[in-house]
Amino acid sequence: MKFAIVQFPGSNCDHDAYHAARHVLGRQAEFVWHKDADLGGADAVVLPGGFSYGDYLRTGAIARFSPVMGAVREFADAGGPVIGICNGFQVLLEAGLLEGALLRNRRLKFLCRHVHVRVEQTDTPFSGAASAGQVLRLPIAHGEGSYHAAPETVDALEANRQVVFRYCEADGTVTDAGNPNGSLRAIAGVCNRRRNVVGLMPHPERACESALGSGDGRVVLESVVAAMTATGAA
Amino acid sequence: MTDQAAIDAHGLSADEYRRLVEILGREPTSTELGIFSVMWSEHCSYKSSRRHLRRLPTEGPRVLQGPGENAGAVDIGDGLAAVFKIESHNHPSFIEPYQGAATGVGGIIRDIFTMGARPIALLDSLRFGEIEDGRGGTRAETVRLVDGVVAGIAGYGNSIGIPTVGGEAAFEPGYAGNPLVNVFCLGVAKAGRLAKGVASGAGNPVYYVGARTGRDGIHGATMASAEFDEQSADNRPAVQVGDPFMEKLLLEACLEVMETDALVGIQDMGAAGLTCSTCEMAARGGTGIDIDVSRVPQRETGMTPYEIMLSESQERMLLVVRRGRGAEVERVFDKWDLHAVRIGEVTGGGLLRVRDRGRVVAEIPNRELADAAPLYDRPTRYPAYLDEAQRLDLSALDVPPDPTRTWLDLLAAPVIASKRWIYRQYDHMVRTNTVALPGLGAAVVRIKGTGRALAMSVDGNGRYAWLDPREGGRLAVAEAARNVACAGAEPIGATNCLNFGNPERPEIMWQFVEAVDGIAEACRALGIPITGGNVSLYNETDGQAIDPTPVLGVVGVLDDAARVLTRLFPEAGLDVVLLGDAAPVAAGADGLGGSEYLKRAHGLVRGRPAPVDFDRERALQRLVVDAARRGMVCSAHDCAEGGLAVALAECCIESGGVGARVDLPGPAGPDDGFGVVRTLFGESPSRIIVSAAPAGRDGLLALARDRGVPAAAIGRTGGGRVTVSVAGEVVADAALNTAERAWATGLARHFEPAAVRGSAP
Amino acid sequence: MRAGVFVTLKPSVFDPQGRTIVAALGSMGYGSVRDVRQGKYFELEIDAETPEAARALATEVADRLLANPVIESYRVEVDGEGPPAPPVEPGRRVRVD
Amino acid sequence: MRAGVFVTLKPSVFDPQGRTIVAALGSMGYGSVRDVRQGKYFELEIDAETPEAARALATEVADRLLANPVIESYRVEVDGEGPPAPPVEPGRRVRVD
Ligand SMILES: Nc1ncnc2c1ncn2[C@@H]1O[C@H](COP(=O)(O)OP(=O)(O)O)[C@@H](O)[C@H]1O
Ligand SMILES: [Mg+2]
């Protein structure tokens with residue numbers, strides 16, 4: 001089971017994702033440079049958080065044109081599991097691999113803190129090991145994480161069960177107070193129709209060790225390990 | 001003959017100019033005049049402070065790099081070094097809060113990775129004018145500055161991916177016209193492979209890499225050394241815009257280059273840009289440097305050699321590379337879409353030679369330029385205000401009728417209240433090393449691949465220093481070190497940022513000298529060497545100087561990261577133990593002088609801060625570190641602003657509902673009605689509140705006795721209230737969530753959603 | 001040749017920044033400013049023979065990079081050209097598998 | 001009445017965002033875009049009788065809130081008015097009490 005962790009200029013959670021995959025989960029992990037056109041035979045692809053190209057212009061707007069994104073698209077089209085975390089989520093949206101967009105947080109401030117998210121769907125490679133409705137305590141760290149899409153798009157996402165993670169209170173109830181950035185319908189993460197591409201604003205890779213305040217994020221990465229091992233990519 | 005106007009415009013005194021002509025043996029060219037003026041500015045030459053800084057202790061078994069390089073370094077075991085430094089960006093942050101603070105962060109980060117260290121933590125020490133208007137409202141001007149400064153630090157630090165894990169923020173009238181923005185950065189390097197800012201080996205190529213040079217901040221260095229006044233408005237074009245993305249590329253590329261052995265020396269271009277980096281590197285190497293400015297990548301057209309040499313454009317580095325290894329280095333930078341440009345070479349001559357398309361425009365003996373700057377022994381005078389300010393007559397004051405209300409009001413004081421509004425704008429978790437989140441005490445980051453962690457605290461108190469500069473310096477060291485010890489870490493090194501007014505005024509100079517001596521005494525007594533720092537003088541606006549503000553940054557090491565402590569009582573049913581003197585009564589030791597209590601309850605800044613007894617302080621800090629190592633304590637928090645009562649409340653706030661009930665001896669001091677106030681709110685130092693399992697309590701008390709540290713079990717954790725009695729009688733009592741609300745909203749309530757100007761470009 | 005590209009949030013998209021500015025202006029006594037929407041403005045310096053060529057290029061660039069079709073629309077203005085064209089919705093990039 | 005306020009960095013001020021966009025466009029094959037400067041664009045909806053009144057108000061608002069006089073200059077355009085006025089440098093911001 002091998003993770004490919006894509007490095008864009010300005011990525012800064014690449015090493016965090018690597019640490020979680022390699023040292024916490026004990027799996028293989030390799031960095032893939034944004035100028036590379038292949039993913040080195042990885043079983044799962046991580047687009048990490050950070051500030052690709054400084055987030056100048058728009059978060060993720062420039063990174064989506066990197067050569068590596070062609071390979072990521074092919075990998076996704078072939079059904080391979082792809083996860084975009086924070087900036088990586090923004091890149092996937094800009095690239096059209098996921099639907100919607102992210103606006104500035106409603107209070108216009110960068111916000112770094114732990115929040116609660118509810119696992120809404122467990123039939124994706126990044127939530128399969130979780131139980132439906134399970135509440136995870138995960139950090140967020142973003143200035144532009146307010147999920148937005150046209151009403152009909154959001155309805156379609158809900159109808160197709162593509163909302164994978166939703167902000168909530170500690171007890172799992174979805175309230176405005178539990179929504180840190182003003183995301184539509186408290187959406188914290190979504191997947192594509194095919195369900196193999198997942199993006200979310202919170203940082204599961206920052207919550208894989210209790211020493212860091214929460215181990216709840218492990219289940220996200222363990223899900224894809226389980227899914228891949230099942231398909232024989234041990 | 002260079003005309004007088006030009007000399008004055010360059011801020012050179014007649015003596016300095018004579019000195020310059022002596023060194024050159026002729027009149028300077030305009031470029032040379034510019035070069036001397038920036039190198040001999042206060043900012044670059046430390047001409048007023050250097051002779052005093054020599055008194056700071058800079059040696060110790062762990063010191064790998066003392067003052068003199070881009071940053072200091074101490075040995076933290078496992079073959080690793082902690083590289084750290086603190087820098088001020090006060091003036092630029094007043095002119096343009098967002099960009100001023102942002103470029104300050106960029107500058108200190110460059111100082112750290114220039115040493116070959118991977119930066120892993122930032123802390124910010126901030127001071128502004130009052131944010132409360134005294135009528136329950138808010139001062140919009142302060143909010144505008146805080147909003148911009150915090151957004152600027154966040155904008156740069158978050159983007160480059162270095163967590164801002166701690167800091168401090170204070171609000172005093174003295175900073176209204178001159179806020180202080182001091183930023184501390186720490187990185188980790190292989191102990192044997194620290195890079196140096198040295199140019200050696202005649203014939204080795206000199207490379208320029210990073211952002212192109214524009215007309216930014218020309219004379220920024222001299223500006224930062226000139227007293228602020230209305231005219232400063234004209235300095236506005238000197239504002240620079242930070243480019244964290246460029247610096248992120250530089251950071252990664254430089255660290256990659258350092259992995260090879262192709263690098264001889266490296267230095268960032270900070271104040272006085274290309275001038276400072278070239279002549280300092282050559283001076284350190286005992287060599288010369290020969291560069292051609294026409295090869296320097298330029299952002300604007302028609303730049304003169306003078307402008308190119310003095311520009312302070314951000315995100316630029318100067319490298320000296322081994323002959324024949326240039327291509328290798330260029331390849332690394334190309335990978336990061338940066339272009340390393342060869343602009344000259346190291347020479348044997350000891351001359352800084354600057355050419356423009358081959359034509360020599362400046363030729364200066366660089367040892368003299370770098371090191372022969374005039375040093376001043378500026379006159380000092382005991383300040384006229386001091387005797388009166390130190391006089392504190394409590395009999396003239398009313399005893400507060402309801403200590404609980406005073407207590408809650410102190411918890412809401414902006415300097416004490418939660419700084420959540422600030423640190424939540426900082427990514428304090430990136431790099432997944434943060435094992436003690438901001439707001440819980442010292443900042444603690446683990447060192448992956450070892451079992452260790454580093455604790456850091458920046459601390460200072462301008463009010464103490466104004467009332468007693470020497471004691472203010474001593475207290476700043478003691479508290480920063482104590483904060484680190486409270487995390488369970490042994491303090492091993494310190495850096496300092498000395499923020500003062502105009503040193504040409506004898507009373508200001510006296511404050512400076514006293515504070516430096518206080519810091520020196522404290523560092524000697526506690527065995528904490530100073531490995532570097534920064535001096536920021538001329539912090540005045542329209543003749544109004546800031547409070548003298550020495551800020552200390554102390555670094556400590558925890559051998560077992562799992563043993564880290566925070567201020568929080570983890571659970572109910574623990575014993576609350578006070579390490580240190582519960583009721584210090586010695587005259588002047590009661591800690592009311594200069595206290596937050598006096599300021600808030602009586603509107604007074606008076607008296608003398610309680611002096612530190614360093615034998616006591618050292619014993620206390622060692623005790624808490626040992627107790628933490630042995631797992632004898634579950635939490636630790638020192639008594640600072642607001643005294644014991646505030647510290648106790650802080651142990652309960654955010655603990656998840658764990659209150660406490662304690663009974664203190666006393667009332668302390670003379671029978672003047674202020675006994676309870678002294679006990680509750682006195683700020684005498686060397687006191688730490690810990691929690692311990694009942695079974696371990698006696699062991700802890702015994703250990704304290706062995707170490708000669710007074711210690712007493714004062715109560716129990718648990719319940720939904722925080723209750724303090726003195727001599728068995730309840731004097732302060734509040735529901736925990738009431739205390740929490742006061743503390744949580746004290747600062748945050750002043751901020752509306754972001755102002756447009758404060759927000760990122 | 002100089003071209004200006006204006007990128008604004010679609011009317012359907014909530015603009016908290018604009019909302020904040022209106023509030024701030026209100027408290028400053030500018031109640032007569034009823035609404036504010038914040039957008040981006042890009043000044044492009046383009047090598048092109050004709051204004052038409054410059055517009056074509058600016059439009060392509062705005063469409064592919066400068067604006068996000070999900071939330072933004074844009075308008076291009078070229079120096080030495082007639083009145084600005086009406087706002088355009090960038091070609092949709094989103095693929096729905 | 002509708003007024004547009006364009007806020008741009010002063011020419012002397014470095015624009016990292018613009019630089020990064022130019023570089024990106026270059027690698028996308030748009031080398032003919034030689035320079036890009038990014039600014040802010042505000043659309044104001046103002047209660048005003050005349051275009052002149054609207055312009056006066058928009059200018060005051062730009063000066064006091066929308067533009068940062070230290071590094072930015074601005075330009076105001078009002079619908080139903082003549083050609084845009086040249087960029088203005090905002091008045092120096094009020095200093096601390
Ligand atoms: N400007 C700031 N940035 C980040 N963290 C801060 C800032 N100001 C205060 N904090 C955090 O809030 C907590 C309380 O700060 P302070 O009152 O100075 O603690 P102490 O009095 O123990 O030194 C500390 O953990 C500190 O790191
Ligand atoms: Mg403090």
Side-chain angles (χ1 to χ4, degrees), chain A residues 7-20 22-24 33-35 48-57 59 62-63 86-87 104-115 138-144 170 180 202-214 217, chain B residues 118 147 150-151 153-164 242-249 251-253 335-338 420-438 440 444-446 448-449 453 561-562 564 751-756 758-761:
Chain A
Q7 290 181 304
F8 299 106
S11 294
N12 63 34
C13 303
D14 44 349
H15 290 271
D16 302 356
Y18 181 91
H19 173 76
R22 184 81 194 80
H23 299 124
V24 181
W33 190 234
H34 66 112
K35 291 174 185 171
F51 283 69
S52 57
Y53 294 91
D55 277 359
Y56 297 159
L57 179 58
T59 56
I62 298 178
C86 198
N87 199 240
R104 283 189 74 179
N105 297 350
R106 66 174 147 192
R107 285 184 195 86
L108 302 172
K109 297 286 190 195
F110 188 98
L111 186 59
C112 179
R113 54 169 294 196
H114 281 90
V115 300
L138 303 177
I140 56 168
H142 59 250
E144 298 184 19
H203 284 275
E205 84 285 14
R206 292 188 185 187
C208 293
E209 298 162 273
S210 52
L212 300 177
S214 170
Chain B
R118 156 80 59 184
D147 203 67
V150 170
I153 292 168
Y156 208 103
N158 296 352
S159 175
I160 198 167
I162 300 168
T164 304
D243 184 354
F245 175 54
M246 168 63 80
E247 181 141 315
K248 170 68 174 174
L249 301 179
L251 161 65
E252 299 300 337
K335 168 188 167 189
W336 292 95
D337 300 318
L338 298 169
R420 194 182 291 155
W421 184 89
I422 296 172
Y423 61 71
R424 277 190 174 172
Q425 292 183 58
Y426 302 149
D427 187 339
H428 49 261
M429 302 184 200
V430 62
R431 305 200 65 80
T432 59
N433 294 325
T434 311
V435 292
L437 296 172
L440 300 182
V444 186
V445 293
R446 66 180 178 182
K448 289 199 186 99
V564 61
F751 297 92
E752 296 299 314
V756 181
S759 66

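Chain identifiers are assigned alphabetically (A, B, ...) following the order of the sequence lines, protein sequences preceding nucleic acid strands; residue numbering begins at 1 within each chain. The structure presented is a predicted model; accordingly, all values stated were derived computationally and were not measured.
- At distances below 3.5 Å, not a single donor-acceptor pair connects side-chain atoms of A:Asp16 with backbone N or O atoms of A:Arg206.
- Ring orientation note: the planes of A:Tyr53 and A:His34 are nearly perpendicular, at an angle over 60° on the 30°/60° scale.
- At a 4.5 Å heavy-atom cutoff, the contact between B:Arg446 and chain A is made by side-chain atoms alone.
- Looking at B:Ile160, the atoms closer than 4.5 Å to chain A (heavy atoms on both sides) all sit in the backbone: N, CA, C or O.
- With a 4.5 Å cut-off on non-hydrogen atoms, B:Ser159 touches chain A through its backbone and its side chain both.
- Using a 4.5 Å cut-off between heavy atoms, B:Lys448 contacts chain A through its side chain alone, with no backbone atom that close.
- Salt bridge status for B:Asp427 with A:Arg113: absent, with no side-chain N to carboxylate O gap under 4.0 Å.
- A salt bridge links B:Asp337 with A:Lys35: the closest approach of a Lys/Arg side-chain nitrogen to an acidic carboxylate oxygen falls below 4.0 angstrom.
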Exercise for the section: Could you walk me through whether A:Tyr18 and A:Glu205 pass side chain to side chain donor-acceptor pair (under 3.5 Å), step by step? Expected result: CA-CA 9 Å; A:Tyr18 181 91; A:Glu205 84 285 14; over 6 Å; no
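- If you measure heavy-atom distances from B:Asn433 to chain A, the contacts under 4.5 Å come from the backbone alone.
- The contact between A:Glu209 and chain B is made entirely by side chain atoms (from C-beta outward), counting heavy-atom distances below 4.5 Å.
- Side chain of A:Asn105 to backbone of A:His142: a donor-acceptor contact under 3.5 angstrom is found.
- Heavy atoms of A:Tyr56 lying under 4.5 Å from chain B belong exclusively to its side chain.
- If you tally non-hydrogen atom pairs under 4.5 Å between each of B:Met429, B:Lys335, B:Arg431, B:His428 and chain A, the highest count goes to B:Met429.
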